[in-house]
Amino acid sequence: MASRAYLTVLAASCVRTTAGFSARRCVGGANSIASLSPSVNFIRDYTPLMPRVPNSFQLHMSSTEAAPITSCPPRVKTAEAKISDDPVSIKGWVKTVRKQKTLAFVEVNDGSNMSGIQCVLPFDQVDEDTIDEIEKLTTGCSVHATGKIVESKGKQAFELSATSLRLVGSCPGETFPLAKKRHSLEYLRTIAHLRPRTNTIAAVARVRSTLAGAIHSFFQNQGFQYVQTPLITASDCEGAGEMFRVTTLNTDDVESLPRAKDEDGKDLPGVDYGEDFFGKAAFLTVSGQLGGETYACALGDVYTFGPTFRAENSQTTRHLAEFWMVEPEMAFADLTSAMDNAESMLKSVVGEVLENCYEDLDFFAKFFEKGIKERLQKLKDKPFVRCSYRDAIKYLQEEIAKDPKKWQFPDVEFGTDLATEHERWLAETKFESAVFVYNYPKKIKAFYMRDNDEDEGETVNAMDLLVPGVGELVGGSQREERLEVLVEKMKELDLDVEDYW
């Protein structure tokens, strides 16, 4: 079924009986926009539990004592705001407040875009309650403003000419930890309850949201069925054994753990998971591939999109313990159709981001990665190159021979698992384009990939998509549909065939 895929946006692959690919949503370091997740360098740095808000700083969500707004015009998100004669409501959080003698400027952001909207409140045009509320405004508080959106006299295209404003939730401005400056990602990890309000994390969240929607839209429009595969499984889909165990046994009390026994009732090394919740060893899934293949053989073309987990003990920025992965599986497909699907998907998804997230991409280009918009546009517009693994090795050997000292891994031969520097050279220098490398050596790919008949099984029908600025983004393969060949491969890896039925 599928192989691996590292995603700035997604991935794809394919098979004769079934075909598929995997796409990881995170790749690159904490400061890399390729990862689309700059808040998380390695998942172990992140806790899903929100830290307790210290007593010195609390957000008050109770309503104000001021008189409520009696009539409420329809709410407009700032991303959709446009000049109109009809009154509207803006609800969001205050980023800045500037009070002058005759009016006040309040910058409000509701999270729908980066810029938010400026609310102008002339004191002679608002009610007494609004004037009282303005005195309470601080950075971080939440407000409800009403008025008309008019052409702005400042830098922005339009602004809200407000007639009323109410404080919804107060915030102690003197202890609010987000100043109007750039904060390090390390610092933001210490205030997980507030970091989504920063430009960086909010921009990443909006792009990820657009990506998720675009992924679903692409596959739905292509006639794929969306299937949900189990997160808890007894199967090691990748055959590498790098899985998180799920158990209800009391591992804090080692002496109480049931011991495995042989036929004579003697203790064996290890735990008897027959006494566990599921009656056998269980793990967090590393892939939805097996479930996806099953459905593909009934529904035709399917895809999964959900969290997967890897217990690979690596501290690099290219390895995550938890990530979301896209895994299409296609029936009656081969490797060529898998590459076609992957290319179409990536171009479609990147196009959605370019069209709908231009403001966030401008921010990324300014503070994280210059030229990212141009690179994405090129990715969308230029046909992907297709190069066999053997040719890729030949090109690398020729280049490395010119000056081996420039390379961290200069020893490249048939059977070498390409390093990031090799992948990026191929994509960024040799081809200056996204490139599919296909027909990899059997020994460096997963057991379920179909052996190539033309070289007596020395290579398998697999591909990786290498992208400039990232390296490997998509991995996929044609699946081995010959049962006797597949079973023999599983035996070679000491995999219990019964676990996969």
Side chains of Asn356 and Thr210, donor plus acceptor under 3.5 Å: no
Between Glu80 and Ser112, a side-chain donor and acceptor under 3.5 Å: no
Would you say Ser337 and Asp340 are linked by a side-chain donor-acceptor pair, where the criterion is simply a distance under 3.5 Å? no
Near Lys382 NZ, under 6.0 Å, is it more than 12 heavy atoms from other residues, nucleotides or ligands? yes
What I want to find out is whether Asp360 reaches Arg206 closely enough, with some N-O distance under 4.0 Å, to be called a salt bridge. yes
Please find the pair of heavy atoms, one from Ala392 and one from Val437, that lie closest to each other, and give the distance. CB-CG1, 4.3 Å
Please check if the number of heavy atoms outside Asp253 that lie under 6.0 Å from its CG is greater than 12. yes
Calculate, to the nearest 0.5 Å, the distance between atoms CZ and CG belonging to Arg386 and Leu465 respectively. 9.5 Å
Any pair counted as side-chain hydrogen bond (donor to acceptor under 3.5 Å, both in side chains), so long as it reaches residues 402-411, sequence neighbours left out: Glu399-Lys402
Main-chain N/O of Glu242 paired with Glu312 side-chain donor or acceptor, under 3.5 Å: no
Does Asp362 pair with Lys370 as a salt bridge, N-O distance under 4.0 Å? no
Do you know which two heavy atoms are closest between Gly475 and Asp464, and how far apart they sit? CA-OD1, 3.5 Å
Could you check whether any side-chain heavy atom of Leu346 comes within less than 4.5 Å of a side-chain heavy atom of Leu379, counting everything from C-beta outward? yes
Side chains of Leu249 and Val271, heavy atoms from C-beta outward: is any pair under 4.5 Å? yes
I need the full list of side-chain hydrogen bond (donor to acceptor under 3.5 Å, both in side chains) pairs touching residues 216-234, with sequence neighbours left out, sorted by first then second residue. His216-Tyr303, Gln220-Tyr303
Between Ser388 and Asp391, does the side-chain hydrogen bond (donor to acceptor under 3.5 Å, both in side chains) criterion hold? Intermediate values first, please. CA-CA 5 Å; Ser388 72; Asp391 286 341; 3.3 Å; yes
Determine, stepwise, if the pair Phe218 / Phe224 fulfils side-chain contact (heavy atoms from CB on, under 4.5 Å). CA-CA 9 Å; Phe218 173 82; Phe224 282 67; 5.6 Å; no
Cationic tip of Lys489 above Phe447 ring, under 6.0 Å, 45° of axis: no
Go through the steps to decide whether Leu335 and Asn439 satisfy the test side-chain contact (heavy atoms from CB on, under 4.5 Å), and finish with yes or no. CA-CA 9 Å; Leu335 189 64; Asn439 287 354; 4.2 Å; yes
Less than 3.5 Å apart, any donor N or O on the side chain of Asn452 or Thr459 sitting next to an acceptor on the other? yes
Lys/Arg-Asp/Glu bridge criterion (N-O < 4.0 Å) met for Asp272, Lys261: no
Between Asp262 and Asp264, which heavy-atom pair has the shortest distance, and what is it? OD1-N, 2.9 Å
Using 0.5 Å steps for rounding, measure from the CD atom of Glu352 to the SG atom of Cys357. 9.0 Å
Can Glu458 and Lys442 be counted as an ion pair, charged N to O under 4.0 angstrom? no
Check this for me, if you would: do Asp451 and Lys445 make a salt bridge, where the nitrogen-to-carboxylate-oxygen distance has to be below 4.0 angstrom? no
Inter-residue atom distance Ser348.OG - Ile215.CD1, 0.5 Å rounding: 10.0 Å
Quick check with a 6.0 Å cut-off and a 45 degree axis cone: is Arg182 positioned over the face of Phe363's six-membered ring? no
Can you say whether the rings of Phe305 and Trp324 are parallel (under 30°), tilted (30 to 60°) or perpendicular (over 60°)? perpendicular
Arg450 CZ to Gln478 CD distance, which is reported to the nearest 0.5 Å: 5.5 Å
For Tyr358, give me all partners under ring-ring contact (aromatic ring centres under 6.0 Å, His included), at least two apart in sequence or on another chain. none
Distance-minimising heavy-atom pair for Phe409 and Val412: O-CG2, 3.9 Å
Could you tell me if the side chain of Phe219 sits less than 4.5 Å from the side chain of Val302, heavy atoms only? no
Which atom of Tyr448 lies closest to which atom of Leu486, heavy atoms considered: CA-CD1, 3.9 Å
Give the minimum heavy-atom separation between Tyr440 and Ala462, together with the two atoms involved. CD1-O, 3.9 Å
Give a yes/no verdict on a cation-pi contact between Lys280 and Tyr273, requiring under 6.0 Å between NZ or CZ and the six-membered ring centre and an angle within 45° of the axis. no
Say you draw a straight line from NZ of Lys378 to CZ of Arg375; how long is it, rounded to the nearest 0.5 Å? 10.5 Å
Using a distance-only test with no angle check, is there a side-chain donor-acceptor pair under 3.5 angstrom linking Ser256 and Asn250? no
Any chance you could lay out the ring pair (Phe, Tyr, Trp, His ring centres under 6.0 Å) test for Phe309 and Phe283, step after step, and finish with the verdict? CA-CA 9 Å; Phe309 309 87; Phe283 308 89; over 10 Å; no
Show your working on side-chain hydrogen bond (donor to acceptor under 3.5 Å, both in side chains) between Asp110 and Thr78 and close with a plain yes or no. CA-CA 7 Å; Asp110 62 7; Thr78 58; 2.8 Å; yes
